[in-house]
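Heads up: the structure comes next, in structure tokens.
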Amino acid sequence: MTQRWAPIAAPLEHIIVAPQRPASTYPTLILLHGRGANASDLLQLANELNLGDFLVLAPQAPYEFGTPPGTGYAWYEMNMNGD
């Protein structure tokens, strides 16, 4: 069975970590969190990588998923059957 994905109309909140030095262009790293995590979970990773000259973007997935509410998010909805 082929499943079609429909686009969602949801703004993606995000976190931006600006480079330490001003420049006209920057190498950019986009960090995507996993199911049940959130964008701020990845900031520790960005700090550990010491990416001083990189622009780091961490978008927040649009579907709330986790307990307590607001602590975890998912990129897509999933029903109890795993679909």
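Side chains are part of it too, since the values below use all heavy atoms of this structure and drop only hydrogens, waters and symmetry mates.
Residues Tyr73 and Pro59 form no side-chain contact, since every pair of their non-hydrogen atoms from C-beta on lies 4.5 Å or further apart.
Heavy-atom neighbours of Leu32 CG from other residues, nucleotides or ligands within 6.0 Å: above the threshold of 12. Counting non-hydrogen atoms of neighbouring residues, nucleotides and ligands closer than 6.0 angstrom, the CD atom of Glu13 reaches no more than 12 such neighbours.
Between the Gln60 side chain and the Leu12 main chain, no donor and acceptor come within less than 3.5 Å of each other.
The structure places OH of Tyr76 at 9.0 Å from CZ of Phe65, a figure rounded to the nearest 0.5 Å. Between atom CG of residue Leu31 and atom CG of residue Leu49 there is a gap of 7.5 Å, rounded to the nearest 0.5 Å.
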What donor-acceptor contacts under 3.5 angstrom involve side-chain atoms of residues 16-24, with partners at least two apart or in another chain?
| unit_1 | atom_1 | unit_2 | atom_2 | d |
| --- | --- | --- | --- | --- |
| Arg21 | NE | Asp53 | OD1 | 3.2 |
| Arg21 | NH2 | Asp53 | OD1 | 3.3 |
| Arg21 | NH2 | Asp53 | OD2 | 3.3 |

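Among all heavy-atom pairs drawn from Ala61 and Ala74, the shortest one is CB-O, 3.0 Å.
Applying the side chain to side chain donor-acceptor pair (under 3.5 Å) definition to pairs two or more places apart or across chains, those involving residues 28-44 are Asn38-Ser40, Gln44-Glu48.
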